[in-house]
Novice: 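Quick one: structure below, then a few questions.
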2 protein chains.
Amino acid sequence: MDNSPHILIVDDDREIRDLLGRFLEKHGCRVTTAAEGRAMRAALDDWSIDLIVLDLMLPGEDGLTLCRDLRANSAIPIIMLTAMGEETDRIVGLEVGADDYVPKPFNPRELLARIKAVLRRAGESADARPAANGETAQFAGWTLDLGRRHLQSPEGAAVTLTAGEFELLVAFIEHPQRVLSRDQLLDFTRGRSAAPFDRSVDIQVSRLRRKIEPDAAAPELIKTVRSGGYLFTPAVERS
Amino acid sequence: MDNSPHILIVDDDREIRDLLGRFLEKHGCRVTTAAEGRAMRAALDDWSIDLIVLDLMLPGEDGLTLCRDLRANSAIPIIMLTAMGEETDRIVGLEVGADDYVPKPFNPRELLARIKAVLRRAGESADARPAANGETAQFAGWTLDLGRRHLQSPEGAAVTLTAGEFELLVAFIEHPQRVLSRDQLLDFTRGRSAAPFDRSVDIQVSRLRRKIEPDAAAPELIKTVRSGGYLFTPAVERS
DNA sequence: TGAATTTGTAACGGCGTGTAACAGATTCCA
DNA sequence: TGGAATCTGTTACACGCCGTTACAAATTCA
């Protein structure tokens, strides 16, 4: 399962989540599931999701509301599941910003086909996101300019980062003071999941530490959490 | 698929998008699709579109509005799809600036013929457009005069650019602080898609860097994003 | 304490990128 | 129209990034 799309299934029906999840995994997707809005947001925070399959009918916040909220600050493709195939639902779903909709009950194969189609289209118009325009982040005296991909030390010296180091640092900055597993870090930086005995994250952490830690032997900024992952300790301020 | 016209299909009906898209691709076009206005704008931002096939009836913003907006600041040829062949639609469509209209249901062959006709006409009158008259863009102290194709360094010295270098710089200036793939850059500058092992973009970037980067060994303006493409880092101001 | 597990990192090699050099294509000019 | 000058893509090779492997060090557990 390398470099495969990461699908988030949001449905209150456990059976649908499990069956659909297994089906998609068998067909080359990584899958995370959530039963309602709160869990959905948690999953979006924990992983780099490529596409959301969102049930229209949910307890608590319903799918339409979630969909509108998602659209407000992200461009993640959404496929809506609607209980009835009514025209009104379709219109409303598309109006609210869904990329496609599938009426229940659905054929998993058809859903998979639509997922692929939506992902293909999304890939074409991929980097429509403003890519952190002009934003900068400060931590422990350091300044990272997201737009210019430029890092400055507390003393004012420019430190050049390779693409991989930059991506890793961005992942840390976007999730500070949280333990991030190697799997999550790989997902954030490379959009793929870890293979067994995959040490690539360790290596990149080691290389990044050499550039930003005053003493790489006693790291302060990026701490190791044994059998957990890594933790970015400084507070991050963005502007 | 080289140097072929890049068609953008805007229609909320997935089936029409897919079928028509495949048909056009089979007949020597490159195709990108969008379900509604938001996706259409994203696609226009990401690619150099030669012609838009635009459905009159769309959820959210309807085709007429989109068409009028498009005409306000671009000359991209537009073919409207109208649900009924009513005279009024035709009149309104043409009034709003569409180059042709095709009533639904339509024969793909006929649509293709009209696309070719409109493209031929557009190609003839292409050089007639004043090409951003008198506009200039500033970035990192440099000034680029779009009309005169003239570049001035921060010190005030004139730097002559070849046509290819100029087109590349314009592509960067029109999409600053975004990672642009080699494929996108080829589309912007030459209107074609990349062949496997195509290094032409790399070469042009290398040549442009030599002219505008203070230190070509440590580029600041045009950064490389490994396995992603290139990124124009400075903020761009236009006047 | 010793074994098992986990992490740090040196070393190597595959692969993506930078660029020199050449050749084909295009433009310019008489 | 023909030849020169210029521009642009291809080829070839060097370099640097990054993942794998291997082994040492640190930590945990019995």
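Heavy atoms only: backbone and side chains are in, while hydrogens, waters and symmetry mates are out. Sequence lines set the chain letters: A, B, ... in the order given, protein chains first and strands last, and positions in each chain run from 1.
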Novice: Should A/Y230 be listed as having a side-chain N or O under 4.0 Å from OP1 or OP2 of C/dG8?
Specialist: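 So the side-chain polar atoms of A/Y230 do come within 4.0 Å of the phosphate oxygens OP1 or OP2 of C/dG8, strictly under.
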Novice: With a 4.0 Å cut-off on heavy atoms, is A/A217 in touch with a base, just the backbone sugar-phosphate, or nothing at all?
Specialist: nothing
Novice: Would you kindly give the CG-to-P distance between B/L168 and D/dG9, to the nearest whole Å?
Specialist: 11 Å
Novice: Taking the side chain of A/D202 as heavy atoms from C-beta outward, which of C/dT19, C/dT7, D/dG9 is closest to it?
Specialist: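 Of C/dT19, C/dT7, D/dG9, C/dT7 is nearest to the side chain of A/D202.
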Novice: Compare the minimum distances between each of C/dA10, C/dT19, D/dG9 and the side chain of A/R210, then state the nucleotide with the smallest one.
Specialist: C/dA10
Novice: Atom CG of B/L161 to atom P of D/dT6: distance rounded to whole Å?
Specialist: 16 Å
Novice: Would you call B/K211-B/E165 a salt bridge at under 4.0 Å N-O?
Specialist: yes
Novice: If you take atom types as modelled and just measure distance, does the side chain of A/R209 reach the base of C/dG8 with a donor-acceptor pair under 3.5 Å?
Specialist: no
Novice: Testing B/R30, B/R192, B/R182 one by one against B/D187 for a salt bridge (Lys or Arg N to Asp or Glu O under 4.0 Å), which residue passes?
Specialist: B/R30
Novice: Which whole-number value in Å describes the distance from A/L169 CG to D/dC18 C1'?
Specialist: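 Nearest whole value for this atom pair: 17 Å.
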Novice: Would one find a side-chain N or O of A/T162 under 4.0 angstrom from OP1 or OP2 of D/dC18?
Specialist: yes
Novice: For B/D198 and D/dT8, give me the distance from atom CG to atom P, rounded to whole Å.
Specialist: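 To the nearest whole Å, that distance equals 14 Å.
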Novice: Reading DNA chain D from 5' onward, which residue's closest nucleotide shows up sooner: B/F197 or A/F197?
Specialist: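 Nearest nucleotide further toward 5': that of B/F197.
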Novice: What is the separation between atom CZ on A/R192 and atom P on D/dT20, rounded to the nearest whole Å?
Specialist: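 Going from CZ in A/R192 over to P in D/dT20 covers 6 Å.
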Novice: Looking only at side-chain atoms of A/I203, point me to the closest of C/dT19, D/dT20, D/dT8.
Specialist: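 So the side chain of A/I203 is nearest to D/dT20.
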Novice: Under a 4.0 Å threshold between the charged nitrogen and the carboxylate oxygen, would A/R178 count as salt-bridged to A/D46?
Specialist: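 A salt bridge links A/D46 with A/R178.
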Novice: Taking 4.0 Å as the cut-off, does a side-chain nitrogen or oxygen of B/R226 come that near to OP1 or OP2 on D/dG19?
Specialist: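 No.
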Novice: At under 4.0 Å, does any side-chain N or O of A/R182 touch on OP1 or OP2 of C/dT7?
Specialist: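 Looking at the OP1 and OP2 atoms of C/dT7, one of them is under 4.0 Å from a side-chain N or O of A/R182.
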Novice: Picking from D/dT8, C/dT6, C/dT9, which would you name as closest to the side chain of A/S227?
Specialist: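 Minimum distance to the A/S227 side chain belongs to C/dT6.
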Novice: Hey, does the side chain of B/T224 come within less than 4.0 Å of C/dG18's phosphate (OP1/OP2), counting only N and O?
Specialist: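 Yes, within the criterion.
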Novice: Is there, by distance only and without an angle test, a donor paired with an acceptor across the side chain of A/R207 and the base of D/dG19 below 3.5 Å?
Specialist: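 Yes.
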Novice: Can you tell me if CD on A/E220 sees more than 12 non-hydrogen neighbours from other groups inside 6.0 Å?
Specialist: no
Novice: Atom CD of A/E213 and atom P of C/dT7: how far apart are they, to the nearest Å?
Specialist: 17 Å
Novice: Counting only heavy atoms not in A/E237 (residues, nucleotides, ligands), do more than 12 fall under 6.0 Å from its CD?
Specialist: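 No - once you tally the heavy atoms of other residues, nucleotides and ligands closer than 6.0 Å, there are 12 at most.
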Novice: For the pair made of CG in B/L208 and C1' in D/dT8, what is the distance, rounded to whole Å?
Specialist: 14 Å
Novice: Looking at A/R199 and C/dG8, is any side-chain donor or acceptor paired with a base atom of the opposite kind under 3.5 Å?
Specialist: yes
Novice: Do A/F172 and A/F139 pass the ring-ring contact (aromatic ring centres under 6.0 Å, His included) test, and can you show the C-alpha distance, the side-chain angles, and the key distance before you say yes or no?
Specialist: CA-CA 11 Å; A/F172 279 130; A/F139 62 94; 9.9 Å; no
Novice: Given atom NZ of A/K223 and atom C1' of D/dT27, what is their separation to the nearest angstrom?
Specialist: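 Going from A/K223 (NZ) to D/dT27 (C1'), I get 16 Å.
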